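Computed from a predicted structure; not experimentally measured.
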Amino acid sequence: NPTDTAQIGWDTNGYISVSELGLFSNGADVRVKTWYNQSGNGYHATVPDLVSNVNRGPMIYPSSGAIRTIGGNSKIALDFGGSQFLVADTGGSGDVQQPLWGACVGAFDTTANQHYMFDGDDVDRTLFFGDSTSLRWGAGFYPTIASARNTDDHIWIMMFNGGNSFFQQDGTTLTANSTDVSTGSNDGMTIGTRYTQGSTNNLDGKIAEIV
């Protein structure tokens, strides 16, 4: 029920409170309506069509209580099941130019099809997705060089800066991906799909953090 909402706080360690989620759930699925940006800039990500698509938000606490986790410390992650996405407006009337940084903590549940971890707001954009068995990232038009894609948990770090760009996975710089990402810029972000949403682009996987 998109009108039945609660703002979930933090536990004593500064992580999202799983106990609060459980109490709010009371045996029902809990999905994210608003994913609050923590930078202080107010760039919150929201479900753009919640009224007409009540299951659009990623799952954060299923009715079974079997939450998605990530990493060795088993911290909670958002579950994107192939039809969920969020949109954030990063402010301003014009695009933010390169250099741009992006970091993402997540995993793909499958290596088939195109699944976007995140994208920008229009064709002149940053993006990061898995295509077939490879990872692809870039700005505007993504490079043809890609690294292997799998279903493991990862931390990805990307710098979008023309010919000086680079890509890291779990702290290791993948030199094959240090390639020209063109001149794309960004003035917004879609999370879990392409900027033009399509069923084949929606993420089947999980995300714990995007910076």
Side-chain angles (χ1 to χ4, degrees), residues 31-32 35-39 43-48 56-60 68-71 75-90 100-160 165-174 177 179 181 184-211:
R31 295 182 178 275
V32 172
W35 189 3
Y36 289 103
N37 169 248
Q38 300 301 309
S39 71
Y43 302 153
H44 309 315
T46 60
V47 179
R56 183 71 77 198
M59 185 80 71
I60 193 171
R68 293 294 303 270
T69 61
I70 198 164
K75 297 306 177 187
I76 197 167
L78 302 187
D79 187 15
F80 292 76
S83 59
Q84 289 73 43
F85 61 86
L86 299 160
V87 178
D89 182 1
T90 53
L100 294 170
W101 288 83
C104 183
V105 180
F108 297 97
D109 286 341
T110 175
T111 57
N113 301 323
Q114 289 187 349
H115 292 153
Y116 280 70
M117 284 287 174
F118 64 81
D119 196 0
D121 62 333
D122 58 26
V123 70
D124 183 27
R125 67 196 196 274
T126 64
L127 53 91
F128 173 46
F129 69 98
D131 184 6
S132 184
T133 58
S134 299
L135 294 176
R136 297 192 182 275
W137 69 286
F141 296 99
Y142 59 86
T144 56
I145 299 173
S147 56
R149 174 186 175 191
N150 55 43
T151 58
D152 297 338
D153 296 349
H154 291 295
I155 301 172
W156 296 287
I157 298 175
M158 292 138 275
M159 182 180 73
F160 303 91
S165 300
F166 76 87
F167 180 95
Q168 286 186 342
Q169 180 171 281
D170 303 327
T172 299
T173 299
L174 305 179
N177 288 75
T179 186
V181 297
S185 53
N186 204 49
D187 185 31
M189 178 176 284
T190 59
I191 299 173
T193 191
R194 196 178 184 187
Y195 80 97
T196 50
Q197 290 82 34
S199 60
T200 59
N201 299 132
N202 291 338
L203 174 64
D204 186 359
K206 59 183 177 179
I207 300 175
E209 186 174 12
I210 291 179
V211 179

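- Between Y36 and H44, the two ring planes are perpendicular [angle over 60°; tilted spans 30° to 60°].
- Residues forming a ring-ring contact (aromatic ring centres under 6.0 Å, His included) with Y116 (at least two apart in sequence, or on another chain): F129.
- The shortest distance between side-chain heavy atoms of D109 and R68 falls below 4.5 Å.
- In this structure the side chain of H115 never reaches within 4.5 angstrom of the side chain of F80, judged on heavy atoms.
- Considering only heavy atoms from C-beta on, Q169 comes within 4.5 Å of L135 through its side chain.
- Between R136 atom CZ and Q114 atom CD the span is 8.5 Å, to the nearest 0.5 Å.
- Ion pairing between D131 and R149 fails under the 4.0 Å rule for side-chain N and carboxylate O.
- Judged purely by atom type and a 3.5 angstrom limit, D153 uses its side chain to pair as donor or acceptor with the backbone of G71.
- Looking only at distances, no side-chain donor or acceptor of T69 sits under 3.5 Å from a matching main-chain atom of K75.
- With sequence neighbours excluded, no residue forms a side-chain hydrogen bond (donor to acceptor under 3.5 Å, both in side chains) with E209.
- The heavy-atom pair separating A88 from Y43 by the smallest distance is CB-O, 3.9 Å.
- Take T179 and apply the side-chain hydrogen bond (donor to acceptor under 3.5 Å, both in side chains) test, not counting sequence neighbours, and it matches no residue.
- For the atom pair L174 CG and F166 CZ, the distance stands at 10.5 Å (nearest 0.5 Å).
- Proximity of N113 to T200: side-chain heavy atoms (C-beta onward) are nowhere separated by under 4.5 Å.
- In this structure, T190 OG1 and Y195 OH are separated by 10.0 Å, a value rounded to the nearest 0.5 Å.
- Here CD1 of I207 is found 5.5 Å from CH2 of W35. Values are rounded to the nearest 0.5 Å.
- There is no side-chain donor-acceptor pair under 3.5 Å between T193 and N201.
- Atom-to-atom distance recorded for L127:CG and M158:CE is 10.0 Å, nearest 0.5 angstrom.
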